[in-house]
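Below you'll find the structure, written out as structure tokens, and then a few comments.
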Amino acid sequence: GSGPSTWLASRAKVAGLVLHAPLLSGLKVLDPAAHELCRPSCMCRCVDPYRNCDLIRKVVAPTLVIHGHADEVIPFEHAEQLYANCRAEAKTSPYFVPGAGHNNVVEKDKDTYYTRMKDFLN
């Protein structure tokens, strides 16, 4: 997933990073306002296993963010925020898919998906 991939890309030289339906952090999936004080979840912030929202700022490799607008597992806003947090030199045009959920991004438009992946990998 996006957690281990972002962690690795933030620490090692990689050729590129593809984030497919990524999450901002493990904790923010459970509680979107986990960063606010005086919430039970704020006590767990220091042990949040996947802090992609912070780690993405360290990634210098080209990064492709892919996400469905109708994702029912990871809110679309996670991808928007991760893309916004990407370093300028790492940003590539995101692939946000209207009507796609968490598990059917490819099926919504296979041609565009594979074209975007091919272009990114080349």
Side-chain angles (χ1 to χ4, degrees):
S2 62
S5 299
T6 304
W7 180 87
L8 180 62
S10 73
R11 287 167 169 72
K13 184 176 180 177
V14 297
L17 174 63
V18 176
L19 296 175
H20 195 286
L23 50 87
L24 278 172
S25 79
L27 189 58
K28 288 185 185 212
V29 172
L30 300 173
D31 181 1
H35 61 281
E36 295 178 9
L37 296 176
C38 299
R39 296 179 64 86
S41 60
C42 79
M43 293 176 15
C44 302
R45 187 166 185 207
C46 62
V47 293
D48 189 345
Y50 300 117
R51 296 194 46 78
N52 295 341
C53 51
D54 297 331
L55 294 176
I56 196 68
R57 292 181 175 101
K58 298 177 182 178
V59 175
V60 295
T63 301
L64 173 60
V65 179
I66 302 170
H67 210 104
H69 280 268
D71 192 321
E72 65 286 350
V73 178
I74 307 295
F76 174 69
E77 293 76 23
H78 284 228
E80 287 181 308
Q81 187 62 52
L82 281 174
Y83 180 74
N85 289 358
C86 283
R87 297 168 67 121
E89 67 269 22
K91 280 186 180 182
T92 64
S93 180
Y95 180 43
F96 296 149
V97 187
H102 190 74
N103 295 311
N104 67 343
V105 169
V106 178
E107 291 79 4
K108 278 293 181 184
D109 186 353
K110 287 181 185 179
D111 292 338
T112 302
Y113 179 86
Y114 287 115
T115 298
R116 291 296 308 273
M117 287 296 291
K118 181 184 77 149
D119 292 346
F120 180 76
L121 295 172
N122 285 331

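FYI, side chains are in, hydrogens and waters are out, and symmetry mates aren't considered; it's all heavy atoms of this structure. This chain uses plain numbering: 1 for the first residue, then up along the sequence.
Tyr83 carries Lys91 over the face of its six-membered ring, with the cationic atom under 6.0 Å from the centre and within 45° of the normal.
Side-chain atoms of His67 never come within 3.5 Å of backbone atoms of His78 as a donor-acceptor pair (strictly under, hydrogens ignored). The main-chain N or O of Leu23 is found under 3.5 Å from a side-chain atom of Ser2 such that the two form a donor-acceptor pair. For Asn104 (side chain) and Gly101 (main-chain N/O), a donor-acceptor pair under 3.5 Å exists by modelled atom type. In terms of modelled atom types and a separation under 3.5 Å, the side chain of Arg57 and the main chain of Ser10 share no donor-acceptor contact.
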Worked check of side-chain contact (heavy atoms from CB on, under 4.5 Å) between Val59 and Val14:
CA-CA 9 Å; Val59 175; Val14 297; 5.7 Å; no
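Leu24 CG to Asp54 CG: the interatomic distance, rounded to the nearest 0.5 Å, is 9.5 Å. Rounded to the nearest 0.5 angstrom, Cys86 SG and Gln81 CD are separated by 10.5 Å. A distance of 7.0 Å separates CG of Leu19 from CG of Asn52, quoted to the nearest 0.5 Å. Taken to the nearest 0.5 Å, the CG atom of Asp109 stands 4.5 Å off from the OH atom of Tyr95. Between Thr6 atom OG1 and Arg51 atom CZ the span is 12.5 Å, to the nearest 0.5 Å. Atom CD1 of Ile66 is separated from atom CE of Met117 by 5.0 Å, given to the nearest 0.5 angstrom.
Listed here is the closest heavy atom pair of Pro75 and Val73: CD-O, 3.8 Å. A pairwise comparison of heavy atoms in Pro62 and Ala15 identifies CD-O, 3.4 Å as the closest pair. Summarising the geometry of Gly16 relative to Phe120, their closest heavy-atom pair is CA-CZ, 4.2 Å, with the distance given to 0.1 Å. Annotation for Ala90 and Ala61: closest pair CB-O, 3.1 Å, computed over non-hydrogen atoms. Minimum heavy-atom separation, Lys108 to Ala100: CG-CB, 3.6 Å. Closest heavy-atom contact between His102 and Asp71: ND1-OD2, 2.8 Å.
Using a 30° and 60° split on the angle between ring planes, His20 and Tyr113 fall in the perpendicular class, above 60°.
The side-chain heavy atoms of Pro22 and Ile74, taken from C-beta on, include no pair separated by under 4.5 Å.
With sequence neighbours left out, the side chain to side chain donor-acceptor pair (under 3.5 Å) criterion links Ser93 to no other residue.
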